[in-house]
Amino acid sequence: MPIGIAASFRFAGPRKEKKKKKLGGARMEPPPPPPPPPLGTTVTQRDQWTVEQEVGRIYSFFAQLPPAAQSFALEVQRDNHIEYLTRGLRGLAPSFGSLDASRPWICYWIIHSLALLGEPIDAELEESIIDFLSRCQDPSGGYGGGPGQLPHLATTYAAVNSLITLGGSRSLSSINRDKVHNFLRQMKQPSGGFRMHDGGEIDVRACYTAISVASTLNILDDELAEKVGDFILSCQTYEGGIAGEPGSEAHGGYTFCGLATMILINEVDRLDLSRLIDWVVFRQGVECGFQGRVNKLVDGCYSFWQGGACALLQKLHPFGLSEGGEDESTDSIDSSLYAASNVSEQEEQENNLESASPQVDGTCQFKQGGPQSASCSENTGNASYNFHERCAEGGSLFNSSALQQYILLCSQLPEGGFRDKPGKFRDFYHTCYCLSGLTVCQYSRSKHADSPPLPWDVVGPYSNLLEPIHPLHNVVLSKYQEANEFFAG
């Protein structure tokens with residue numbers, strides 16, 4: 001069965017492997033295989049040890065490269081990413097048939113990634129995408145995973161975000177807001193939560209997708225928001241993070257969804273933010289990336305889910321800095337992971353827009369400031385817009401430079417696309433959320449919504465700078481603003 005985003009969607013054939021690129025005159029050769037793990041370790045310990053060894057070798061190899069090659073290694077390979085993404089938008093391999101019910105998600109992952117890279121979509125392809133998503137819109141409201149499929153909150157979120165990212169009257173007016181609102185009301189449960197679809201699961205992800213869609217379409221009302229805060233509060237665990245449902249384990253994706261939802265309904269002050277902060281910041285590990293749960297492996301997608309949660313919290317809490325202006329460390333990281341971290345702040349400022357951007361320092365975990373009130377005062381209808389206008393006060397909750405290093409050196413593939421971690425394959429999901437995490441990092445210290453980052457906040461050349469996003473919805477900011485004006489009437 002064809003799974004393309006348009007009637008003309010065609011499957012791509014096998015592709016020739018590209019030659020390896022030279023990095024500043026030095027050829028990037030794959031590191032040797034890791035030595036065997038120590039005896040007597042558990043499967044979890046062995047997997048963690050293997051990942052640390054692999055990431056450590058990548059960082060050590062990077063440290064041995066000449067400066068020109070280091071600059072290239074830290075560069076966002078825009079042209080190759082754009083080629084990979086555009087090719088996927090036009091045609092996919094038969095193996096994608098298993099994602100037949102997720103076609104709006106494939107649209108969103110690719111369209112949002114291209115928007116972050118500042119790459120427009122040609123008019124003919126844009127029309128095909130709008131037509132396809134219109135055929136995914138159920139007559140009773142909401143969007144399914146494909147034409148004729150059951151409407152689902154997750155694919156409704158993906159479709160709406162895709163259409164907002166495309167922008168323009170044709171795209172935005174294709175969304176039947178009245179019927180979407182009716183669908184959201186049907187999914188609303190007495191507990192305050194939402195079902196993902198008719199007869200489906202009730203969880204925090206459903207709450208976020210419903211409330212985010214309602215907010216961006218300007219249809220969020222008291223009926224939809226009623227008791228949502230109660231449900232999410234019941235999902236915050238003793239650790240501080242937020243689970244998918246009451247009694248489950250705290251998870252990075254659900255934590256972002258729960259936190260963002262509570263901000264959108266102006267009830268974020270009900271959460272135990274101090275414990276939530278503790279849980280989130282300690283998910284950034286020695287690899288410099290984030291894990292999704294305790295005792296799980298690093299994964300590039302959590303650059304957004306966990307890094308984005310930190311960015312939201314920074315707008316709610318001012319955090320203390322040490323006298324030197326850097327985040328205070330509570331733990332030291334193996335120096336082999338940071339052999340390249342020898343550029344001083346003065347050198348960074350002198351380089352400015354040159355190739356050597358801020359290198360990573362030797363820490364990945366932080367000490368928070370004291371607990372403070374984070375109550376919202378805006379009305380629900382304006383919460384999303386007003387939140388983005390807030391100034392970020394104080395220091396950063398996470399090591400932004402270290403996370404950018406992980407994304408660029410461990411998740412990015414020179415031939416285009418991003419992956420979970422070394423040893424994994426690239427995919428559109430990880431490309432979307434690694435790029436989303438990268439822009440979160442780049443703008444994490446910006447004091448105002450319209451302020452560009454300083455050069456030393458962007459790892460690699462300043463040309464790495466991506467488009468800013470609205471942190472609650474993960475859509476490019478200019479596209480959110482256009483939709484906010486369009487749906488204001």
Side-chain angles (χ1 to χ4, degrees), residues 42 44-45 47-48 153-154 189-196 200-212 225-285 289-299 301-317 319 330-331 364-376 397-398 433 437 440 471-472:
T42 66
T44 300
Q45 289 171 327
D47 288 346
Q48 177 64 33
L153 279 176
Q189 301 300 303
S191 65
F194 287 82
R195 287 195 183 276
M196 291 301 295
E201 63 273 31
I202 304 169
D203 59 26
V204 169
R205 177 185 48 149
C207 294
Y208 170 68
T209 50
I211 296 299
S212 176
E226 184 180 7
K227 296 178 70 177
V228 171
D230 293 344
F231 179 79
I232 292 176
L233 197 63
S234 72
C235 297
Q236 185 170 24
T237 75
Y238 71 94
E239 298 173 284
I242 298 174
E245 58 187 8
S248 294
E249 182 183 9
H251 184 282
Y254 291 118
T255 295
F256 174 87
C257 289
L259 176 61
T261 303
M262 293 295 269
I263 293 171
L264 287 169
I265 63 173
N266 287 321
E267 295 184 25
V268 70
D269 55 316
R270 297 181 64 192
L271 292 170
D272 187 335
L273 291 175
S274 181
R275 282 198 302 160
L276 192 154
I277 290 164
D278 272 344
W279 184 84
V280 171
V281 299
F282 280 104
R283 302 285 70 75
Q284 188 174 22
F290 278 99
Q291 60 181 182
R293 290 177 284 163
V294 174
N295 290 329
K296 293 296 182 178
L297 301 177
V298 64
D299 186 332
C301 73
Y302 293 110
S303 302
F304 174 74
W305 297 120
Q306 304 281 37
C310 288
L312 297 180
L313 290 163
Q314 284 170 201
K315 284 181 174 283
L316 298 173
H317 273 243
F319 297 93
T330 61
D331 200 8
C364 275
Q365 296 174 337
F366 310 96
K367 182 164 66 179
Q368 68 173 83
Q372 301 183 31
S373 173
S375 176
C376 295
L397 272 174
F398 66 110
Y433 289 108
V440 165
L472 292 171

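Every heavy atom of this structure was used, including side-chain atoms; hydrogens, water molecules and symmetry mates were not. All residue numbers refer to positions in the sequence shown, counting from 1.
- What you find for Leu264 and Leu472 is that their closest heavy atoms are CD2-CD1, 3.7 Å.
- At least one donor-acceptor pair under 3.5 Å links the side chain of Gln236 to the backbone N or O of Gly240.
- Side-chain polar atoms of Gln306 and Arg283 form no donor-acceptor pair below 3.5 angstrom.
- Residue pairs meeting the salt bridge (charged side-chain N to carboxylate O under 4.0 Å, His left out) criterion with at least one partner in residues 235-259, sequence neighbours excluded, are Glu249-Arg293.
- Formation of a donor-acceptor pair under 3.5 Å by the Arg195 side chain with backbone atoms of Gly200 is found in this model.
- Of the possible polar contacts, none joining the Glu267 side chain to the Met262 backbone as a donor-acceptor pair under 3.5 Å is found.
- Between Ser248 and Thr237, the shortest heavy-atom distance links the atoms O-CG2, 3.5 Å.
- Residues Asp278 and Val281 approach most closely at O-CG2, 3.5 Å, considering heavy atoms.
- One distance of note links CD of Gln48 with NZ of Lys296; it measures 11.5 Å at 0.5 Å rounding.
- Note that OG of Ser303 is 9.0 Å distant from CZ of Phe398, once rounded to the nearest 0.5 Å.
- Using a 4.5 Å heavy-atom cutoff, the side chains of Ile211 and Phe194 are in contact.
- No side-chain heavy atom of Phe290 sits under 4.5 Å from any side-chain heavy atom of Asp299.
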Which atom pairs, one a donor and one an acceptor, fall under 3.5 Å between side chains of residues 226-233 and the rest of the protein, sequence neighbours left out?
residue: Lys227; atom: NZ; partner: Pro190; partner atom: O; Å: 3.0
residue: Asp230; atom: OD1; partner: Arg270; partner atom: NH1; Å: 3.0
residue: Asp230; atom: OD1; partner: Arg270; partner atom: NH2; Å: 2.7

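- Ring planes of Phe256 and Tyr208: perpendicular class, angle over 60° (limits at 30 and 60°).
- To the nearest 0.5 Å, atom OG1 of residue Thr261 and atom CZ of residue Arg205 are 12.5 Å apart.
- Taking all atoms of both residues into account, the shortest heavy-atom contact from Tyr254 to Ile242 is CB-O, 3.5 Å.
- Across all their heavy atoms, Cys310 and Leu397 have their closest contact at O-CD1, 3.7 Å.
- The aromatic rings of His251 and Tyr302 stand perpendicular to each other, their planes meeting at an angle above 60°, with 30° marking the opposite boundary.
- Here Cys207 contributes atom SG and Ile265 contributes atom CD1; the two are 8.5 Å apart, rounded to the nearest 0.5 Å.
- Residue Leu153 holds its CG atom at 11.0 Å from OG of Ser212, rounded to the nearest 0.5 Å.
- Note that CG of Leu297 and CD of Gln291 are 8.5 Å apart. Values are rounded to the nearest 0.5 Å.
- Here the side chains of Leu259 and Val268 are in contact, with some heavy-atom distance below 4.5 Å.
- Minimum heavy-atom separation, Val440 to Ala311: CG1-CB, 3.8 Å.
- For the pair Trp305 and Thr255, the minimum side-chain heavy-atom distance is 4.5 Å or more.
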